[in-house]
Protein chains: 2
Amino acid sequence: MSDSPSLDPVQLGAYFDLIEVTSLLRHAVEQQLRESGDLSYVQFQLLARLGDSPTGSHRMTDLADGVVYSRSGLTYQAGLLEKAGLVVRAPSPDDERSVTVTITDAGRALLAKVLPGHIEVVSGLLFEPLSRDDVKTLAGLLAPVREHMRSTPPRSAAPRRRKDGA
Amino acid sequence: MSDSPSLDPVQLGAYFDLIEVTSLLRHAVEQQLRESGDLSYVQFQLLARLGDSPTGSHRMTDLADGVVYSRSGLTYQAGLLEKAGLVVRAPSPDDERSVTVTITDAGRALLAKVLPGHIEVVSGLLFEPLSRDDVKTLAGLLAPVREHMRSTPPRSAAPRRRKDGA
DNA sequence: TATTGTTATACTCTATAACTATA
DNA sequence: TATAGTTATAGAGTATAACAATA
């Protein structure tokens, strides 16, 4: 019973706007990705992540780390991407338990095809009303929040109520 | 007419952080809502919206407006909420075509039960690393973006490219 | 034993189209 | 004809648990 938690109006407004903005943005982006490349947002994220890598590869576990999913969900998505010829899976050389996912040329090509429209949507929807300084400020605010969330263990979703004792 | 669209590093960082932050936040919030009230986020949003209304009611169409969904999706969710006794549906008095959704006492009770934990998660995850001024700044940045998105027609998701017709 | 990944399965959610009824 | 909502249905996505293989 420490703090009767509540949000002041400013916090509430920021929270609601954050949810609405990203919800609308995500919706628009998903539509664009689906139309221009038949990709879901998650699939795009996975491809983009692989494309960013110098080797074009990542282990399954590393991929999962960024996209929050369950392992089975990642396996499902990786399976779809592989079936579409956009990635290849192979056992990792150093650790036989691991699977290394690698983006194919077709994957890179699709990424390149989809990216301009993606950027266009983000640019036109998210950044249009923001000045360069605004964006800098926004980035400066979000970065520490991201760090905080990353370092906060997921079970803290229900911090005061542990189920397994404690 | 392509303006060879691209995002500068600052924009890219802001965009990625925005996606990651809200993704993590949403995940945490959904978990809390599910555990404490067996509600999905959408259902919570609908309940909260009804709870905020002075009458405790909204027409289906008005509800849909805020939650972006297809009408059938809203019907589905409203059906679930009604089956759980959290809302009631009745034909609107003034327009026989419309349906008025009203939150029940049980709905309000559930809302009250779930809200503290919800706020706790948002507070601890999103606002913890932000000062009061930071939040004010964030709200000030997001509000115009929200307005811009609201006023931008959805089909603009792919503005320059009609179909896939290159 | 712990970790990595897959499979099977069940469930939730969303979208499309056809349909009813009111305006 | 246009609007409000429902239904049927199909598909995508996600999570859990059991499983196999390697460390």
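Since we're looking at a predicted model, the values are computed, not measured. Any value given below was found using the heavy atoms of this structure, including those in side chains, with hydrogens, waters and symmetry copies removed. Each chain gets a letter, A, B and so on, in the order its sequence line appears, and its residues count up from 1.
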Answer with base, sugar-phosphate or nothing: what part of the nucleic acid does [X] contact at a heavy-atom distance below 4.0 Å?
X       : value
A:Ser40 : sugar-phosphate
B:Ser98 : sugar-phosphate
A:Leu80 : sugar-phosphate

Taking [atom1] from [X] and [atom2] from [N], how many angstroms apart are they, rounded to a whole number?
X       : N      : atom1 : atom2 : result
A:Tyr76 : D:dT16 : OH    : P     : 17 Å
B:Glu35 : D:dA15 : CD    : P     : 13 Å
A:Gln77 : D:dA15 : CD    : C1'   : 13 Å
A:Leu46 : D:dG13 : CG    : P     : 11 Å
B:Leu81 : C:dC13 : CG    : C1'   : 13 Å
A:Tyr69 : D:dG13 : OH    : C1'   : 7 Å
B:Asp94 : C:dT22 : CG    : C1'   : 12 Å
B:Lys83 : D:dT7  : NZ    : C1'   : 13 Å

Which nucleotide in the set [options] lies at the smallest distance from any side-chain heavy atom of [X]?
X       : options                : answer
B:Thr61 : C:dA23, D:dG5, C:dG5   : D:dG5
A:Thr75 : D:dT6, C:dT12, C:dT7   : C:dT7
B:Val99 : C:dC13, D:dG5, D:dA15  : D:dG5
B:Ser70 : D:dA15, C:dA15, C:dA23 : C:dA15

Output yes when a side-chain donor or acceptor of [X] lies under 3.5 Å from a complementary backbone atom of [Y], and no otherwise.
X        : Y        : answer
A:Thr102 : A:Ser57  : no
A:His118 : A:Leu111 : no
A:Ser53  : A:Thr55  : yes

- Query: Is any N or O donor-acceptor pair between the side chain of B:Arg97 and the base of D:dG5 shorter than 3.5 Å?
  - Reply: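 Side chain to base: no pair present.
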- Query: Would you say the side chain of A:Ser72 and the base of D:dT16 hold a donor-acceptor pair, judged only by whether the two atoms sit under 3.5 Å apart?
  - Reply: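 Result: at least one qualifying N/O pair found.
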Less than 4.0 angstrom between a side-chain N/O of [X] and OP1 or OP2 of [N], yes or no?
X       : N      : result
A:Arg71 : D:dA15 : no
B:Arg59 : D:dG5  : no
A:Gln43 : D:dA12 : no
B:His58 : D:dA4  : no

- Item | side-chain contact (heavy atoms from CB on, under 4.5 Å), paired with B:Leu18, selected from A:Val122, A:Thr22, A:Val145 |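 Among A:Val122, A:Thr22, A:Val145, the one meeting side-chain contact (heavy atoms from CB on, under 4.5 Å) with B:Leu18 is A:Thr22.
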- Does the distance from a Lys or Arg side-chain N to an Asp or Glu carboxylate O, for B:Arg34 and B:Glu30, drop under 4.0 Å?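 A salt bridge is absent here (no side-chain N lies under 4.0 Å from a carboxylate O).
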- Message: Looking at A:Arg132 and B:Asp8, is there a salt bridge between them, counting it only when a charged N and a carboxylate O are closer than 4.0 Å?
- Response: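 A salt bridge is present here (some side-chain N lies under 4.0 Å from a carboxylate O).
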- Task: By nearest nucleotide on DNA chain C, pick out whichever of B:Asp95 and B:Tyr41 is the more 5' one.
- Result: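 Upstream on the strand: B:Tyr41.
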